[in-house]
Amino acid sequence: MAAKAASNCLELRHISKSFQERRVLADVSLVVREGEIFGLIGPNGAGKTTLFNIITGLVRADEGQVLFHGQDITHWPPPRICHAGIARALQLPAPFPEMTGLENVLIGCWFGKRQAAAPDSEAQARELLARVGLQGKEEVPAGQLNLIDKRRLEVARALATRPHLLLLDEIAAGLSPAAVKQTAELVTALRDQGLTLLVTDHYLNLTLQVSDRVAALDQGEIITVGSPREVVRHPEVASAYLGTREAKTLPEAAP
Amino acid sequence: MFRFRLSLVLPLAAALVLALWPLVWAEADLYFQVFGMACFYGVLAVAWNIYALSGAISLGHAAFFGLGAYGSALMSCYLQWSPAVTVPLGAVAGAAYGVLWGLLFKNLRGVYLGLATLASVEIPKVIIDNWSSFTFGSLGVVGIAPLPDLRLGGLELAFGTSLKAQYYLLLLFLALAGLVHRYSLVSRWGWALRAMRENETAAAMLGVEVFRHRLQALLLSSYLTGLCGALYAHLLGLIEPALVFSLHISALPLVLSIFGGRFLTWGPILGALILYPLDQLLLQPQFPTGHAALYGLVIVLTILFCPQGVAPWLRKLRQIAWN
Amino acid sequence: MWLYAQIIVSGFYLGSFYALIALGFSLIFGVTHAFNLAHGELIILSGYLAYVLWKYGQVSPYLSIPVCLAVMPGVALLLHLLLQRLKAPFELNSLVVTFGLALFLQNAMLFAFSADYRLIHLGGSRIFQVPGTPISLTAGQLWVLSLSLAATGGVHWLLYGTFLGKALRAAIQDRQAALLAGINVTAMRRTAFLFGGMLIGLAGPLYALSMYLHPAAGLEPTLIAIVITIFAGVGRTRGILAGGWLLGVAESLAAFVLGTGWRELVSAVVLLSLLILKPQGILLKG
Amino acid sequence: MKADTPPLLAVEGLAVSYDRLPVLHDIRLQVYERQIAALVGPEGAGKTTLLNVISGLIRPEQGRIRFAGETLENLPAWDIVRRGVIYVPEGSPVFPEMSVLENLEVGAYVHRAHLEARLELVFEVFPELRELRRTPAGVLSGGQQRLVALGRGLMAGPRLLLLDEPFLGLSPKLVRRFCDTFKTLLAQGLTLLIASQYAHRILQVADLAYLMEEGRITLSGAGPDILKDQHLHQVLFGPGL
């Protein structure tokens, strides 16, 4: 048992959160194992983003604990959580708009870890930009990039902090099929390098395709956890996505 | 390559001109005074701007200025220490208030921070106004010791009496402040401030310790402003609450920085060296009272028509001139 | 005992006037989100207008009120035109621009009226005593009190009793929902500046009747307006009146217990406490 | 039937960009009088943006919007309301500090003449609002607030009602109430355009349905027909379902 606990990268224990009496997360418990891609699926409003905000310290949980490598990080401020090794790419990209793409990534290189950054941080930043497909746009002010490039920049910047665990929020939203494929390759490659990833997406395709394990969230509760195949076949998941929870109770209307 | 050198040559040339013209033009007391004070307000603008670099717009830097002025003046008055000691020590009063801001206004941003800074000037002002037994109340402190003279070999610098010596002192002060400002822009610490300013949430999630860096910026800013206030007390010889805690003192560095260009190394200094002489040499003789309306007008027009200030505009002009 | 009663009565008188000062600010801020730091300066300007009419035109201050009521909305609409040109972030930019405007107005008034303290002094003004008690108010104070309360009542009726007022409140509470209910929000902004200007216009002569005019006097009414607006919330007349009274009584008590010099501290300290304890509490959605 | 009556609302060649990224491309859409039109598609497909454009909250870059013979694309939002196009956005915002009654009254701002009659109509459809009419709308539950927002929309005397995610987070009972209400309104001459990602229910009743994906309309037809479409299933419900 002890050996198994040690291989836990992130553990959430009984997390609950309400905003103005609206319960967004209800007693959510999850374990993300070291070195896996963990997918979190659920329709819009299921509470995925709030959960991410709690993990990264942007929002305080009402109840529950967040453990990272066995250490309780529940009420740590965001910079400290970053220094501990958790990075995140936001759903709505938040670049430093006046800085160039390169400078954006350099901020991550410089401040992401407590130890002094490697002397070749610029080369490293360029490499990261190339990796997410932003080569040639290093000198463009981030505010002038389009939404997709801003998302890519977000990922490069998060990687620049050299995280152990990377959270990717709604990675596929708005991407073309080709770009989705690229993203899938990037995510898998990162996992193969030893990174642990926690990804969300309300497009099921990508998450189901890349994840090792998946949890389904609906209205703030975990419905089920398992392999992508198991989760998709779970009847409650289907009804959460199809809206048949409502459909079941409705009378037939005349067409 | 050429442009890179130009960005170094131009400030150096300007510094040289500022340093050498008094040697050519020996008797010009009015100009020594005006340009000396322009340097002084340049430092004030730089000090204000260091806090602004972290993303804050302060409307209450007069609080640090006034506290620095009173700190040094009262110390000099009661303890009879030399201004060389009381100025740096008195400025600590301003810095202490700065730390208090940093702790109390931790969660305030933007408009709300602006309002808080504006209101917080009233507290030291009213206290000093009413604590007559210690601070001499609204009558103010008079007969503050002038700056001491300095003898360097055969060279005598009469900072207390000679306007020319004062000019050089203030020019040196400005040069030092300019270097501090440059550091706050180009160092890694400066990049942290910039990241916080452009997007605080993102900065925090990338490991920038937002609270600590903002407090450091505020500490530096308030201490420099306190130094200005302390110097002011000894340069002028008398201070009163209404003078050193005035809206004008809070507004001036804001105007000069915004006018010159806030996020550029020489912006605030440029603003001070253009606007203050303009006000003193052209407007003041025409409108002995009310000439400071210029500063109000300049804020309104700058924010409306060139929110980046004149520096980028001058740069564009330079590019046109070269091509 | 009667002394404290007198203090409280003076506080209510002062507070009613403060509510009037806050109403204009609150209305403009609520509908347009413009933080007008020159609010106090505009009131002082209106006060000087009444003063000049009284001193040089021998116009009774009560007759100059209609003049101020006509002039100041024009000034407010000019301010509106100016602020309309601002880029994002609108609130912060409006704060900085009106800060500059306040500085400009202070110096312009210094130029025009000098730094002397001015007051509209009504010769032989009578003192009214509350029957059976030693509590008293001067005739000028009674005028200020009754006109302030009348104006507050008028604004309350406008906001809560008329359809235009409902549209204004809708625009305050949720701008987009107001648009989707068919309310021309752009016109509502103009309307807010218009009524806000009238309230500023009224406050000026009353200020000149009860307090000393001085070019730098505008900061205090501005702070008072902001304090009360944050305390009460935007566009809530009853809350604003209550906030005004609380502040007025607090100031009167502070002046009595600590000395008159400490009175100015009350609004600044209350504002800071409200900002620290209730950050961003005033803004509604939209 | 469609061939001989002109559509009440016709959108042609509409294009919108956000942040220099095109979000709507060449949208073509028709809504016919007294029908329910449905707009389905995954989150982020552009449904809300399209409703925002029709209601005047966002200006299109290209394209035309015609409503009952008039051109809408250059009118401000409040003017579009005046012409009878009423939009109830997602989340159904109410004026929180106004009473329920005041909320409804503001809804009738553009046509005050029929206020009393409309009020009666709304109270008839949603009787609980009559009891709550003195309550500030901000303290109501989410479901009650949605009734207020919908009621407020009805107060304006709409010809076309645009609804964004009207069922999100509602109890099944309330969803049924809403569907019944829509049928009643339809019978009274109203036309509906409903956007939702909960496609199942809507498609069963929609006369005309459009599937949106990545800012384009990729499928259209009668609701029950396109519900059988394989592609639609793939897009909305994911693989393996």
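All figures in this text were calculated on a predicted structure; none of them were measured in a lab. In what follows, chains carry the letters A, B, and so on, assigned in the order in which the sequence lines appear, proteins first and then strands, with residues in each chain numbered from 1.
- In terms of non-hydrogen atom pairs under 4.5 Å with chain C, the most contact-rich of B:V121, B:L104, B:D129 is B:L104.
- Annotation: maximal heavy-atom pairing with chain B below 4.5 Å, among C:V96, C:L271, C:L101, occurs at C:V96.
- Both the backbone and the side chain of B:L59 have a heavy atom closer than 4.5 Å to some heavy atom of chain C.
- Nearest heavy-atom pair, C:I172 versus C:G235, reported as atom, atom and distance to 0.1 Å: CD1-CA, 4.3 Å.
- In this structure, the portion of C:Q106 lying under 4.5 Å from any heavy atom of chain B is its side chain and not its backbone.
- Contact count against chain C (heavy-atom pairs under 4.5 Å) is highest for B:A251 among B:P288, B:A251, B:G110, B:S250.
- By the 30° and 60° cut-offs, the orientation of the rings of B:W101 relative to B:F105 is tilted.
- For chain C, the option among B:L301, B:T302, B:L304, B:L254 with the highest count of heavy-atom pairs below 4.5 Å is B:L304.
- For C:L223, the part lying near chain B is the side chain, with the backbone staying farther off; criterion is any non-hydrogen pair under 4.5 Å.
- Looking only at atom types and distance, the side chain of C:H33 has no donor-acceptor partner in the side chain of C:S94 under 3.5 Å away.
- Looking at C:L86, the atoms closer than 4.5 Å to chain B (heavy atoms on both sides) sit in the backbone and in the side chain alike.
- Note on ring orientation: taking the six-membered ring where Trp is involved, the planes of B:Y41 and B:Y276 are tilted (angle from 30° to 60°).
- Aromatic ring pairs are classed by plane angle as parallel below 30°, tilted from 30° to 60° and perpendicular above 60°; the pair B:F245 and B:Y70 is parallel.
- A donor-acceptor distance shorter than 3.5 angstrom exists from the side chain of C:R118 to the backbone of C:F113, with no hydrogens or angles considered.
- Between B:F64 and B:H61, the ring-plane angle classifies as perpendicular under the 30° and 60° cut-offs.
- When the candidates B:G290, B:A116, B:P307 are compared by the number of heavy-atom contacts under 4.5 Å with chain C, B:G290 comes out ahead.
- Chosen from B:L294, B:V255, B:L113, B:L247, the residue pairing most often with chain C at heavy-atom distances under 4.5 Å is B:L247.
- Heavy-atom pairs under 4.5 Å with chain C peak, among B:L118, B:N130, B:I299, B:V126, at B:N130.
- For C:L37, the part sitting under 4.5 Å from any heavy atom of chain B is the side chain, from C-beta outward, and nothing else.
- Ring geometry for C:F35 against B:Y112 counts as perpendicular: the plane angle is over 60°, on a 0 to 90° scale with 30° as the lower cut.
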